[in-house]
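Reminder, nothing fancy here: chain letters follow the sequence lines and each chain counts from 1. Side chains are part of it too, since the values below use all heavy atoms of this structure and drop only hydrogens, waters and symmetry mates.
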Number of protein chains: 2
Amino acid sequence: MVQYLSPPIDLSFAALSDATRRGIIDELGRGDASITSLADKFQMTLTGMKKHVQVLERAGLVVTQKVGRVRTCKLGKRGLGAEAEWIEAHRKLFEARFEALDEIISEMKQEGSDD
Amino acid sequence: MVQYLSPPIDLSFAALSDATRRGIIDELGRGDASITSLADKFQMTLTGMKKHVQVLERAGLVVTQKVGRVRTCKLGKRGLGAEAEWIEAHRKLFEARFEALDEIISEMKQEGSDD
DNA sequence: TATACACTGAACTAAATGGTTCAGTATTTA
DNA sequence: TAAATACTGAACCATTTAGTTCAGTGTATA
């Protein structure tokens, strides 16, 4: 039995699994933005956009600050370092697996015969 | 208005957002495995494990093949290239944002005064 | 001061997730 | 051939997700 515990990366990968939220990150990469401007850009209600931003905030990817009546969203200092690390480490695993010769042979042997 | 279309990366990030599924990838990195052996290792019913494997399969991260009565799971040839690319490209966006001097100054100025 | 603006929270919805049990089917093995 | 093994599918469950509407609150502006 193995226990895998890693609370925060769950949240960031989940946050990144939605195209709207990835789009928000793109957008904030071009400059800070209010909830209203993001809601306009992604054709969504204010409330809907607020929820997306909250998901990104909980994942640490975005930070927000409300001054006056407008809440400004920007990219979080946390960044994507942990995610990049996980992906890179495991990308090597994938590659290593395919260097085994018999893998390649059996790959060639079936070519879509699978169930 | 901006439309962000990217069907497959949604599936892989969603697949990676679960610790059990990341664990399955670790495990398959060490060698191919049956549904039963994975179910044992992660203390889960066969049916539950089958679902996790299906999620990984739909994301292209794992391929399976049934021979006789055992279904063998292995890492998919698709790999994590697209994900690595997305993450790397955006990691730079994050970093670029923090190179702006006024960002750093305003970061210093508040230090946890946020809402 | 009255109006418009930007957000917020509660409540609701439909669908997806992560898990289960139970009842099979197909394949080995004794 | 009988029993054990490995999986499969349907059905169910509680929770989360992605969105909505509606009714506010607080802030800026005319």
Could you tell me the separation between the [atom1] atom of [X] and the [atom2] atom of [N], rounded to a whole number of Å?
X       : N      : atom1 : atom2 : result
B:Gln65 : C:dT27 : CD    : C1'   : 16 Å
A:Arg71 : C:dC5  : CZ    : C1'   : 16 Å
A:Gln43 : D:dG19 : CD    : C1'   : 14 Å
B:Ile24 : C:dG18 : CD1   : P     : 11 Å
A:Leu38 : D:dA18 : CG    : C1'   : 16 Å
A:Met49 : C:dT8  : CE    : C1'   : 16 Å
A:Leu16 : D:dT17 : CG    : P     : 14 Å
B:Phe13 : C:dT17 : CZ    : P     : 16 Å

[N], OP1 or OP2 - any side-chain N/O from [X] closer than 4.0 Å?
X       : N      : answer
B:Lys50 : C:dG19 : no
B:Arg21 : C:dT17 : no
B:Lys66 : C:dT27 : no

Is B:Arg78 salt-bridged to B:Glu83, going by a charged N under 4.0 Å from an acidic O? yes
Hey, is B:Glu27 close enough to B:Arg22 for a salt bridge, meaning N to O under 4.0 Å? no
Using the test side-chain contact (heavy atoms from CB on, under 4.5 Å), find all partners of [X] that sit at least two apart in sequence or belong to another chain.
X       : answer
B:Ala14 : A:Ser17
B:Thr45 : B:Thr47
A:Arg69 : none
B:Val62 : B:Leu28, B:Val53, B:Leu56, B:Thr64, B:Cys73

Heavy atoms under 4.0 Å, any strand shown: does A:Ile35 hit a base, just sugar-phosphate, or nothing? sugar-phosphate
What are the atom names and distances for every N/O pair under 3.5 Å that joins the protein to nucleotides 25-27 of chain D?
| unit_1 | atom_1 | unit_2 | atom_2 | d |
| --- | --- | --- | --- | --- |
| D:dT27 | O2 | A:Arg69 | NH1 | 3.2 |

With sequence neighbours excluded, what pairs up with A:Thr72 under the side chain to side chain donor-acceptor pair (under 3.5 Å) test? none
Hey, can you tell me if A:Phe13 and B:Phe13 have their rings parallel, tilted or perpendicular (30° and 60° cut-offs)? parallel
Among D:dT21, D:dT8, C:dG18, which nucleotide sits nearest the side chain of B:His52? C:dG18
Between C:dT8, D:dA6, C:dT20, which nucleotide gets closest to the side-chain atoms of B:Thr45? C:dT20
Does any non-hydrogen side-chain atom of B:Leu16 lie less than 4.5 Å from one of B:Arg21? no
All N/O pairs under 3.5 Å across the protein-nucleotides 11-14 of chain C interface:
none

Comparing B:Leu46 with A:Met44, nearest DNA chain D nucleotide closer to 5' gives the residue B:Leu46
Sequence neighbours excluded, which residues qualify as salt bridge (Lys or Arg N to Asp or Glu O under 4.0 Å) partners of B:Arg91? B:Glu88, B:Glu95
